[in-house]
Number of protein chains: 2
Amino acid sequence: MAEPERAGERHGFELPLLLFAGFRSLIDQLHTELAERGHPGVRPAYGFAMQAIGRDGVTASELGRRLGVTKQAAGKTVDRLAALGYAERAGDGVDARRKVVRLTPRGVDALAQSAALFEDLRAEWAATLGEERLREVEDALERVVPKSAFRLDGGAWLAG
Amino acid sequence: MAEPERAGERHGFELPLLLFAGFRSLIDQLHTELAERGHPGVRPAYGFAMQAIGRDGVTASELGRRLGVTKQAAGKTVDRLAALGYAERAGDGVDARRKVVRLTPRGVDALAQSAALFEDLRAEWAATLGEERLREVEDALERVVPKSAFRLDGGAWLAG
DNA sequence: CCTCGTTCGACAACCAGGTTTACCGTTTGG
DNA sequence: CCAAACGGTAAACCTGGTTGTCGAACGAGG
């Protein structure tokens, strides 16, 4: 009760909420903008997947390993991506079992736009907080986050 | 190329990853600890739901509104919570349509333990970063996060 | 050269969580 | 007093996962 000014005690439960809200607002803004730029169907999970496919393409099994899910789940994701025109499967001449998943030009475009938009969003934060302070936040998070949590399998985690 | 020291340029895509990783590591640690303290079955989504039920109880419809999902989805969540012994339904004497969902003592315990654990986890971060710096991170996030993103419907958002 | 183990892709059945649509019973207000 | 609004439930379906199983293709050994 001593200092009603300047947000008193910080409670433990606020921290995860703030982090999540920050993540969420970035992702929401990204997808809003992405939708206006010709990619209305992209969902957060697809972003992770396309990132994992990359410009060289991967097999479904390898994609599963990168995303931390089973090859079956990865295969289903590729199906949806393919249905939306973001990826396609092509047989591999060398190994008749393999089918390489590759991003279509449309997929590559979505990825490139996302990267640019993330830069813009970060710049907005920097405008509010100052580059200095934003940097401090990033550095702090990097110090406190175990690198084991720093992977590309967000989609899998979310679905628990 | 001027300063290879001190983590060069920060890229836009790192920010959401850092925020998510931070959130994720807190939630993972919470549930690991929770499991060791007699609540192995609790999943992140249940945490949101139990928080929304609160100590007074709510109807399924109201729960749905709080969580940002349909009443049907809320009802299913209550089913799972009830199956695990964290919540129970009771008829309301006044309005024969209503069935109030209440936390069981076990549910209340899970909620209380979670709150305590979140305090512990925040304290760990404070030990690494310093209370000062952690506070700066929290304040920065609060400034930059639109309060509209600061809701209790995380579960619904995750499932897209 | 042929077989054995491993890998890749696909299929089926299932679970968690969400959505629509639809219906029934209760409560309430014009 | 009756119709509209509200609470609960159920069915069918979607997205993302999971196991388990299977056949086809590769690769290393005998």
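What you see below is based on every heavy atom in this structure, not just the backbone, and it leaves out hydrogens, waters and symmetry mates. All chains are named by letter (A, B, ...) in the order of the sequence lines, taking the proteins before the strands, and each is independently numbered beginning at 1. What you are looking at is a predicted structure, and each value in this text was computed from that prediction instead of being measured.
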Check your understanding: Can a salt bridge be assigned to the pair A/Arg122 and A/Glu131 using a cut-off of 4.0 Å between side-chain N and carboxylate O?
Key -> yes

Review point. Does the ring center of B/His39 lie less than 6.0 Å from the ring center of B/Tyr86?
Key: yes

Exercise for review: State plainly whether the residues B/Arg10 and A/Glu119 are in salt-bridge range, i.e. N to O under 4.0 Å.
Suggested key: no

Exercise for review: Could you check A/Arg97, A/Arg66, A/Lys71, A/Arg98 and say which one makes a side chain to side chain contact (heavy atoms under 4.5 Å, CB included) with A/Ser61?
Suggested key: A/Lys71

Practice item. Verify the contact: side-chain N or O of A/Thr77 to OP1 or OP2 of D/dT15, cut-off strictly under 4.0 Å; return yes or no. Key: no

Review point. OP1 or OP2 of C/dT19 sitting under 4.0 Å from any side-chain N/O of B/Thr70?
Key: yes

Exercise for review: Please find out if less than 6.0 Å separates the ring center of B/Phe20 from that of A/Phe23.
Suggested key: yes

Point to revise | Spacing of B/Leu81 atom CG relative to C/dA16 atom C1', expressed in whole Å | key: 13 Å

Practice item. Starting from C1' on D/dG17, measure out to OH on A/Tyr46 and report it in whole angstrom. Key: 14 Å

Exercise for review: Scan A/Ala96 against the nucleic acid and name what it touches under 4.0 Å (heavy atoms): base, sugar-phosphate only, or nothing.
Suggested key: sugar-phosphate

Review point. At under 4.0 Å, does any side-chain N or O of A/Arg80 touch on OP1 or OP2 of D/dT15?
Key: no

Practice item. Look at B/Arg65 together with B/Glu62 and state whether they make a salt bridge at an N to O cut-off of under 4.0 Å. Key: yes

Review point. When you check every protein heavy atom under 4.0 Å of nucleotides 7-14 of chain D, what one-letter string (B, S, -) results, 5' to 3'?
Key: BBBB-B--

